[in-house]
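For reference, the structure discussed in these notes is given below.
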Amino acid sequence: MTTPSWEQKHADNEAYRRRATLPPEAAAEAKPVAEALRDEFADLRERKLHGEAPVAEAVRAVAPPGTNVVIRAGGARSAVVFAIELPGGCLTGFYDERESKVEVGGYINDGGCLTAPGH
């Protein structure tokens with residue numbers, strides 16, 4: 001029996017955070033929500049707003065009614081991590097005073113849209 005390499009062990013250890021592929025129909029439904037959130041973030045940046053309260057307001061403003069929304073501090077600087085659980089997948093990303101990211105993808109292997117805090 002061959003011992004797995006360090007790289008393989010590391011990849012296996014990180015498997016819980018891999019995202020499933022988002023079905024095309026779900027991706028098409030998520031695209032306008034992602035674009036609306038990017039517009040909201042551009043407005044926040046123009047007004048020099050950052051931190052949890054304005055980001056949470058922006059995320060909730062674009063989230064379809066009845067969807068699960070998660071907002072949490074992202075650690076460094078004023079980073080805020082977010083997720084909107086959409087049918088079949090997730091809209092995830094972060095926002096801070098320097099940059100932002102909005103991504104559409106499937107659920108992570110652990111289930112849900114974000115890894116547990118501390119991972």
Side-chain angles (χ1 to χ4, degrees):
M1 180 170 159
T2 311
T3 303
S5 67
W6 179 90
E7 290 82 5
Q8 182 59 50
K9 288 179 181 179
H10 181 68
D12 291 346
N13 189 47
E14 295 293 312
Y16 73 94
R17 67 174 73 223
R18 287 190 201 123
R19 288 204 177 276
T21 303
L22 191 63
E25 318 80 56
E29 287 182 36
K31 187 177 179 181
V33 180
E35 290 304 319
L37 187 53
R38 288 182 186 108
D39 290 344
E40 290 281 333
F41 284 172
D43 181 58
L44 290 181
R45 194 157 317 285
E46 187 175 298
R47 295 186 296 144
K48 299 184 185 333
L49 295 174
H50 53 272
E52 195 167 333
V55 173
E57 185 177 325
V59 172
R60 288 190 175 100
V62 303
T67 55
N68 186 33
V69 174
V70 176
I71 308 286
R72 65 179 182 223
R77 300 186 304 267
S78 64
V80 178
V81 175
F82 65 87
I84 302 172
E85 188 173 349
L86 300 168
C90 308
L91 185 73
T92 60
F94 73 93
Y95 180 95
D96 70 19
E97 70 270 12
R98 295 184 192 165
E99 60 185 324
S100 60
K101 185 181 218 177
V102 177
E103 296 181 312
V104 175
Y107 297 110
I108 61 171
N109 285 340
D110 262 4
C113 294
L114 297 174
T115 58
H119 279 155

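Just so you know, residue 1 is the first one in the sequence shown, and it goes up from there.
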[X] and [Y]: which non-hydrogen atoms are nearest, and at how many Å?
X      : Y     : answer
Gly112 : Cys90 : O-SG, 4.0 Å
Gly106 : Leu22 : N-CB, 3.9 Å
Ala58  : Leu37 : O-CD1, 3.9 Å
Gly51  : Pro54 : O-CD, 3.4 Å
Pro87  : Ala26 : O-CB, 3.5 Å
Cys113 : Gly89 : SG-O, 4.3 Å

[atom2] on [Y] to [atom1] on [X], rounded to 0.5 Å:
X      : Y     : atom1 : atom2 : result
Glu103 : Thr92 : CD    : OG1   : 5.0 Å
Leu49  : Glu40 : CG    : CD    : 11.5 Å
Thr67  : Arg60 : OG1   : CZ    : 10.0 Å

Do other residues, nucleotides or ligands put more than 12 heavy atoms under 6.0 Å from the CD atom of Glu57?
no

Arg38 (side chain) donor-acceptor with Val102 (main chain) under 3.5 angstrom:
yes

Could you check whether any side-chain N or O of Arg45 sits under 3.5 Å from a backbone N or O of Glu99, counting only pairs where one atom can act as donor and the other as acceptor?
yes

When the ring planes of Tyr95 and Phe41 are compared, do they come out parallel, tilted or perpendicular, using 30° and 60° as the limits?
tilted

Quick one, [X] and [Y] - any side-chain contact, counting heavy atoms below 4.5 Å?
X      : Y      : result
Leu86  : Glu29  : no
Val62  : Ile84  : yes
Phe94  : Ser100 : no
Val104 : Lys31  : no

Asp39: side-chain hydrogen bond (donor to acceptor under 3.5 Å, both in side chains) partners, not counting sequence neighbours
none

